[in-house]
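Written out below as structure tokens is the structure these notes cover.
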Amino acid sequence: MDLRNHSTITQFLLLGLSADPHVQTLLSVLFLGIYLVTLIGNLMMLLVIRADSHLHTPMYFFLSHLSFLDLCFSSVTVPKLLENLLSQRKIISIEGCLTQAFFVYYVGETEIFLLCAMAYDRYAAICHPLLYGQMMSSQQYVNLVWTSWSLGFLDALINVSPAVNLNFCAAHRIPHYSCELPSLFSLSCSDISINIIVLVFSVLLHGFGTLFLITFSYTRIVSTILSIRSTTGRSKAFSTCFSHLTAVSFFYGSAFLRYLLPTSGSPLELIFSVQYSVVTPLVNPLIYSLKNKEVKGAVKRTLGKCLQWYG
């Protein structure tokens, strides 16, 4: 993507989360801790899924890509946030800002499509258990994952590329800790009507489209679970969906509110952005490990192997 600068200014000022130096120090410690735990948690999920043959199934193949996406999402935003919290010069070049906006959108869109694919996997496993091997063959689930990555990249390219030609004449203060498209559009002195239309259409089509498919899948799943006579069977079936539903709720709720509400620089915008770009990558490994007996068992086996190897 060509990041040529057609602007009269060369950099933006990221105002961040707070202007108080003492608060910034506390926030830097907090977000550094969150980032380290996020890295450890998601790397642990990737290691465990790869190392344990019991987890070489479609569901955990999707989960490994979700963990990698969470690593990427956190790494796109948090290091720059930490740099600004510890620095007096909270600036970012226009090229750097557009690049960050591209990867925020790319990773976010890919995660939306991946969560939709994971819902289809649960639908196939619970509603059509006898046909699950056909519906989720190795070729099928690999194709779903790479389609998610491809659609995410295409969507980011369509939305961010037109922003390269925007002019930023005077306003250069971004009331945010990272560069996102809504914040950039509000600073431009060019005509942004096309950019807004493309962004809204993209959010409505892909966001609500995938949400509709997830809702449809879980409507069928709930109907199937309720028809199971055994209480134990119902509980086991629902437990396999609980983690995914929680991840969907965390991500979709905050991302939709951030991109559909008018940009105003309010604290709510920062809260929504922190929710889906910082908190969600942190809690996803916890959600999928604490409520999942297979993952907990795999963690114990992997740790046991490591201790034997070092012993």
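Note that the coordinates shown come from a computational prediction; the quantities given were computed from them, not determined experimentally.
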field: 4.5 Å side-chain heavy-atom contact, Tyr120 and Leu213
entry: no
- request: Rounded to the nearest 0.5 Å, what's the gap from CG on Leu286 to OG1 on Thr246? Could you check?
  value: 12.0 Å
- request: Group every Ile, Leu, Val, Met, Phe, Trp and Tyr by side-chain heavy-atom contacts under 4.5 Å, then state whether Leu204 and Leu154 land in the same group.
  value: no
- request: Decide if the gap between the ring center of His56 and the ring center of Tyr60 is smaller than 6.0 angstrom.
  value: no
- prompt: When you measure from the side chain of Ser183 to the backbone N and O of Cys179, does any donor-acceptor pair fall under 3.5 Å?
  reply: no
query: Is it true that a side-chain atom of Asp155 and a backbone atom of Leu151 form a donor plus acceptor pair closer than 3.5 Å?
result: no
- prompt: Mind checking whether Tyr123 and His128 have parallel, tilted or perpendicular rings, split at 30° and 60°?
  reply: perpendicular
Close side-chain approach of Leu86 and Thr25, heavy atoms under 4.5 Å: no
- request: Take Glu111 and Asp70 through the side-chain contact (heavy atoms from CB on, under 4.5 Å) test and state the conclusion after the steps.
  value: CA-CA 8 Å; Glu111 187 155 336; Asp70 285 337; 3.3 Å; yes
task: Without swapping roles, check the side chain of Ser188 against the backbone of Ser190 for a donor-acceptor pair under 3.5 Å.
output: yes
query: At what distance, to the nearest 0.5 angstrom, does OG of Ser28 lie from CG of Leu82?
result: 7.0 Å
- prompt: For Thr219, does its backbone N or O pair with a side-chain atom of Ser223 as donor and acceptor, under 3.5 Å?
  reply: no
- request: Begin with the C-alpha distance, continue with both residues' side-chain angles, and end with the deciding distance and a verdict on side-chain contact (heavy atoms from CB on, under 4.5 Å) for Ile112 and Tyr252.
  value: CA-CA 8 Å; Ile112 284 176; Tyr252 268 78; 3.1 Å; yes
- request: Please name the pair of heavy atoms, one in Ala117 and one in Leu144, separated by the smallest distance, quoted to 0.1 Å.
  value: CB-CB, 4.2 Å
message: Please tell me whether Val37 and Leu43 are part of a single hydrophobic cluster in this structure, the criterion being side-chain heavy atoms less than 4.5 Å apart.
response: yes
query: Applying the 4.5 Å side-chain criterion to the ILVMFWY set and letting contacts propagate, would Leu30 and Leu270 be lumped into a single cluster?
result: yes
- request: For Ser277, check side-chain contact (heavy atoms from CB on, under 4.5 Å) against everything at least two apart and list the hits.
  value: Phe73, Thr77, Tyr177
field: Heavy-atom side-chain contact between Cys97 and Ile174 under 4.5 Å
entry: yes
- request: Would you indicate whether the side-chain heavy atoms of Phe31 and Leu17 approach each other to under 4.5 Å?
  value: yes
- request: Indicate the ring-plane relationship of Tyr276 and Phe251, choosing parallel, tilted or perpendicular according to the 30° and 60° boundaries.
  value: perpendicular
- prompt: Just by distance, do the side chain of Ser161 and the backbone of Ile158 share a donor-acceptor pair under 3.5 Å?
  reply: no
task: Would you indicate whether the side-chain heavy atoms of Pro79 and Tyr35 approach each other to under 4.5 Å?
output: yes
message: Looking at every non-hydrogen atom in both residues, tell me the closest pair between Phe12 and Ile94 and how far apart they are.
response: CE1-CG1, 3.8 Å
query: Are any of the side-chain heavy atoms of Met45 and Leu66 separated by less than 4.5 Å?
result: no
message: Would you compute the distance between atom CD1 of Ile92 and atom OG of Ser178 and round it to the nearest 0.5 angstrom?
response: 8.5 Å
message: If we ignore hydrogens and angles and just use 3.5 Å, is the side chain of Ser137 paired with the main-chain N or O of Gln140 as donor and acceptor?
response: yes
statement: Which of His244, Met136, Arg122 passes side-chain contact (heavy atoms from CB on, under 4.5 Å) with Phe62? It is Met136
query: Are Asp121 and Tyr132 linked by a side-chain donor-acceptor pair shorter than 3.5 Å?
result: yes
message: Hydrophobic clusters here meaning ILVMFWY residues chained together by side-chain heavy-atom distances under 4.5 Å, can you tell me if Phe185 and Val198 are in one?
response: no
message: Tell me whether the count of non-hydrogen atoms from other residues, nucleotides or ligands lying under 6.0 Å of CZ in Phe68 goes above 12.
response: no
message: Can you tell me how far apart CG (Leu32) and CG (Leu85) are? Round to the nearest 0.5 Å.
response: 10.5 Å
- prompt: Counting N and O atoms only, with roles assigned by atom type, does the side chain of Thr224 sit under 3.5 Å from a partner on the main chain of Cys127, one being a donor and the other an acceptor?
  reply: no
query: Stepwise, does the side-chain contact (heavy atoms from CB on, under 4.5 Å) test hold for Leu71 with Leu39?
result: CA-CA 6 Å; Leu71 276 175; Leu39 292 180; 3.4 Å; yes
Plane angle bin for Phe153 and Phe102 - parallel if under 30°, tilted between 30 and 60°, otherwise perpendicular: perpendicular
query: Any side-chain heavy-atom pair from Ile126 and Ile225 closer than 4.5 angstrom?
result: yes
task: Specify the closest pair of heavy atoms between Gly207 and Thr210, including all atoms of both residues, with the distance to one decimal.
output: O-OG1, 3.0 Å
statement: Heavy-atom nearest pair, Gln100 first then Val76, reads NE2-O, 3.0 Å
- prompt: Do the non-hydrogen side-chain atoms of His176 and Ser273 ever get within less than 4.5 Å of each other?
  reply: yes
Point-to-point distance, once rounded to the nearest 0.5 Å, from CD1 of Ile271 to CD of Gln275: 10.0 Å
field: Working for side-chain contact (heavy atoms from CB on, under 4.5 Å), residues His22 and Leu27
entry: CA-CA 9 Å; His22 299 292; Leu27 289 175; over 6 Å; no
- request: Please report the shortest heavy-atom distance between Leu184 and Ala101, naming the atom on each side.
  value: CD1-CB, 4.2 Å
- prompt: Nearest 0.5 Å, what's the CG-OG distance between Leu36 and Ser74?
  reply: 9.5 Å
- line: Closest non-hydrogen contact found for Tyr106 with Gly152 is CD1-C, 3.4 Å
message: Do Trp146 and Met59 land in one hydrophobic cluster if side-chain heavy atoms of ILVMFWY residues count as linked below 4.5 Å?
response: yes
task: Check whether any side-chain N or O of Lys90 sits under 3.5 Å from a backbone N or O of Asn84 as a donor-acceptor pair, and report yes or no.
output: yes
